[in-house]
There are 2 protein chains.
Amino acid sequence: MAIGIQITLNERLFLRDPQRTELGKKIIKHSILLIDEIGFEAFTFKKLAKRMSSTEASVYRYFENKHMLLLYLVSWFWEWVAYLIDIHTMNISNPVHKLKIIISTLVFASKENPSIEYVNESVLHRIIIAEGSKAYHTKAVDDENQEGLFLNYKTLVNKVAQVVLDIQPEFPYPRALASNLFEMSNNHIYFAIHLPRLTDVHVQDDSYDEVEKMLEFFASKMLGIQTSK
Amino acid sequence: MAIGIQITLNERLFLRDPQRTELGKKIIKHSILLIDEIGFEAFTFKKLAKRMSSTEASVYRYFENKHMLLLYLVSWFWEWVAYLIDIHTMNISNPVHKLKIIISTLVFASKENPSIEYVNESVLHRIIIAEGSKAYHTKAVDDENQEGLFLNYKTLVNKVAQVVLDIQPEFPYPRALASNLFEMSNNHIYFAIHLPRLTDVHVQDDSYDEVEKMLEFFASKMLGIQTSK
DNA sequence: GCCCCATAATAGTATTACTATCTTGTGACT
DNA sequence: AGTCACAAGATAGTAATACTATTATGGGGC
């Protein structure tokens, strides 16, 4: 099942392509686990190297710094979600149905059958939820954007915006609706777990059903479509 | 005009109340300016002290670390927005009208007549937009939440959620709608400036009219109310 | 005139965020 | 079989960060 999936990322995200070597894959694998455990602020290349039984200097040969590594993980995640959306909506022509599938793909990204052994998609999803926004809340955002480091996310948002326009060609804020669905999904999962008074949904274990229902509700209200049973 | 405004904040946010001393006020004032200039990651107490012609050790007597200082600034900002909303909606009984005022207060928070000399509200608004979400995206979020460090924001969100319920008592997601309005406001101002493909609105200089219009559109769609001219 | 206490001045530590250099081991090519 | 290339390991070193501790100074109140 892992065959055929290729996640292609901007080459400027890394110094040496981590997908091409064993050490590279180990860096991806363990950085996901370690960031999830101790948080991005406390995460350092030294700790990562120790955990992997490698050295700091070796990690630095793959990524310029931990910010670039985060950017890499975030890009990887969105590229993966885009891939999932593509295969799930491939044969769907009804855009309303398509949007519904997009929402559930997004919310349940972590539950998909893992496709690549060195990436724990479920843990990566948690990282995106907790740390994802730090990838673009930086002083370097404009330079990095110019280098195309956010292309994956922007492409995905625009893909969804196109579906919105297919549903309602005159809708005035297709991209804002699309990006808001993505941001809301992450935010409200996070709120439900850590700041429950900021939301109305609940999550238990890793069941995000209520989040999905809420996003469907919001989307259908925005686009004036019937909520299907 | 500065008379009578008192911003009261959780005492656990600081070690010594910065509002009570000259040095404290200088810390608030210059930290706002410096974080805006160099970004939160590059910001250090040493640089702040140098800028203020004080010492690192003195700053540490007021705030445990830079994260607590950010939390303080964020709380200050939301408390201030809550205050503005209160005075602007004081005599309004129609909840639809109230919500509209809330949206414009939120979007134009930075344009309000400055009330406290040591806080540049316009610059502070920029910080909230660019760095605000880092205040709660931390491993310590649960502990800090338990200590009440996010109360200001949660209270504000719930105040707006109550207005939503006044408009539509059966609305299933009042808090999510409220928090989403706040998050969207900040996000889309940021997107418009740095990642324009993630939104449909534009901002020029500090004119956020399009953001206001969009939030009104979203809110009225969600609540099924007429968009007023 | 003395006490209190905030601030300044200074120093010191562990960790972070790197950069540099040198060695070793493997695989590929001749 | 020999050497070449090159990735990774080992080691060291530097400047900055994130603090903590100690002592000195100076002004306001009693």
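Predicted, not measured: the structure shown is a model, and the values here were computed from it. Just so it is clear: chains get the letters A, B, ... in the order the sequence lines come, proteins before strands, and each one is counted from 1. Note: hydrogens, waters and symmetry copies are ignored here, and every other heavy atom, side chains too, is used.
- Nucleotide D:dT17 holds its P atom 13 Å from the CG atom of B:L48, rounded to whole Å.
- The separation between A:E56 atom CD and C:dT16 atom P is 9 Å, rounded to whole Å.
- D:dT17 atom P lies 15 Å from atom CG of A:N65, rounded to whole Å.
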* Could you spell out the base pairing of DNA chain C in dot-bracket, with Watson-Crick or G-U pairs whose two distances are under 3.5 Å, [ ] crossing and | to another strand? -> ||||||||||||||||||||||||||||||
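- For the pair A:K50 NZ and D:dG9 C1', the interatomic distance rounds to 17 Å; values are reported in whole Å.
- Heavy-atom distances to DNA chain D give each of B:K66 and B:A57 a nearest nucleotide, and the one nearer the 5′ end belongs to B:K66.
- A salt bridge links A:K134 to A:E41: one of the charged nitrogens lies within less than 4.0 Å of a carboxylate oxygen.
- Rounded to an integer number of Å, the gap from A:K46 NZ to D:dT17 C1' is 14 Å.
- In this structure the side chain of B:L34 never reaches within 4.5 angstrom of the side chain of B:M52, judged on heavy atoms.
- With C:dT16, C:dT7, D:dA18 as the candidates, the nucleotide lying closest to the side chain of B:T44 is D:dA18.
- The residue B:Y62 sits close only to the backbone: its heavy atoms come under 4.0 Å of sugar-phosphate atoms, none of a base.
- Here the nucleotide nearest the side chain of B:T21, chosen from C:dT7, D:dA8, C:dC18, is C:dT7.
- Inspection of the B:S207 and B:D209 side chains reveals an N or O donor paired with an N or O acceptor under 3.5 Å.
- In this structure, the NZ atom of B:K25 is 12 Å from the P atom of C:dT7, given to the nearest Å.
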* To do: Would you check, one step at a time, whether the test side-chain hydrogen bond (donor to acceptor under 3.5 Å, both in side chains) holds for A:Y72 with A:S31?
  => CA-CA 11 Å; A:Y72 181 93; A:S31 64; over 6 Å; no
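- Nearest-nucleotide positions on DNA chain C for A:E64 and B:S53 put B:S53 closer to the 5' end.
- Ion pairing between a basic and an acidic side chain is recognised when a charged N comes within 4.0 Å of a carboxylate O; A:E37 and A:R51 show such pairing.
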* **Steps toward side chain to side chain contact (heavy atoms under 4.5 Å, CB included) verdict (B:F40, A:H137)** => CA-CA 10 Å; B:F40 186 66; A:H137 280 118; over 6 Å; no
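- One interatomic measurement links the two molecules: CD1 of A:I27 to P of D:dG9, which rounds to 9 Å at whole-angstrom precision.
- Applying the 4.0 Å criterion to OP1 and OP2 of C:dA9, one finds that B:T55 has every side-chain N and O outside that range.
- Note: NZ (B:K47) to C1' (D:dT17) measures 9 Å, nearest angstrom.
- Ring planes of B:F108 and B:Y208: parallel class, angle under 30° (limits at 30 and 60°).
- Checking D:dG9, C:dA8, C:dA17 against every side-chain atom of A:Y60, the shortest atom distance belongs to C:dA17.
- Distances shorter than 4.0 Å separate some side-chain N or O of A:R16 from OP1 or OP2 on D:dA8.
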